[in-house]
Colleague: 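Before anything else, here's the structure in question.
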Amino acid sequence: MATKVYVSLNGVISEAVGTQPKEALLFAPSKKSAAQVILEQRANRRRNSQFIKERLEEAFKR
């Protein structure tokens, strides 16, 4: 199954066919469900938060 690619150019969105100008924005729908995307975002946010806390602790120990 091929994924369709869309192009946004001058505020108009259409299906991309052939070559596109370099100022065009190309995008394709995600194959992930909304639930999967949300779970990944939460995991990344937790990981980033923990990283920031560790770095702050390290900075204030000096």
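Below, all heavy atoms of this structure are taken into account, side chains as well, without hydrogens, waters or symmetry copies. Note that the structure is predicted; figures quoted are calculated from it, not measured.
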Colleague: Should I52 and F60 be counted in the same cluster of Ile, Leu, Val, Met, Phe, Trp and Tyr side chains packed under 4.5 Å apart?
Modeller: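 Yes, same cluster.
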Colleague: Do V7 and F27 share a hydrophobic cluster (ILVMFWY, side-chain heavy atoms under 4.5 Å, transitive)?
Modeller: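 They do not share one cluster, since no chain of ILVMFWY contacts under 4.5 Å joins V7 to F27.
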Colleague: Could you tell me the separation between the CG atom of L25 and the CG atom of N10, rounded to the nearest 0.5 Å?
Modeller: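 Answer for the CG-CG pair, L25 versus N10, is 12.0 Å.
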Colleague: Using the rule side chain to side chain contact (heavy atoms under 4.5 Å, CB included), only one of R46, E54, R47 pairs with Q50; which is it?
Modeller: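 Between Q50 and the candidates, side chain to side chain contact (heavy atoms under 4.5 Å, CB included) is satisfied uniquely by E54.
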Colleague: Just wondering, do K53 and S49 contact through their side chains at under 4.5 Å, heavy atoms?
Modeller: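 When only atoms from C-beta onward are counted, K53 and S49 do touch, with a gap below 4.5 Å.
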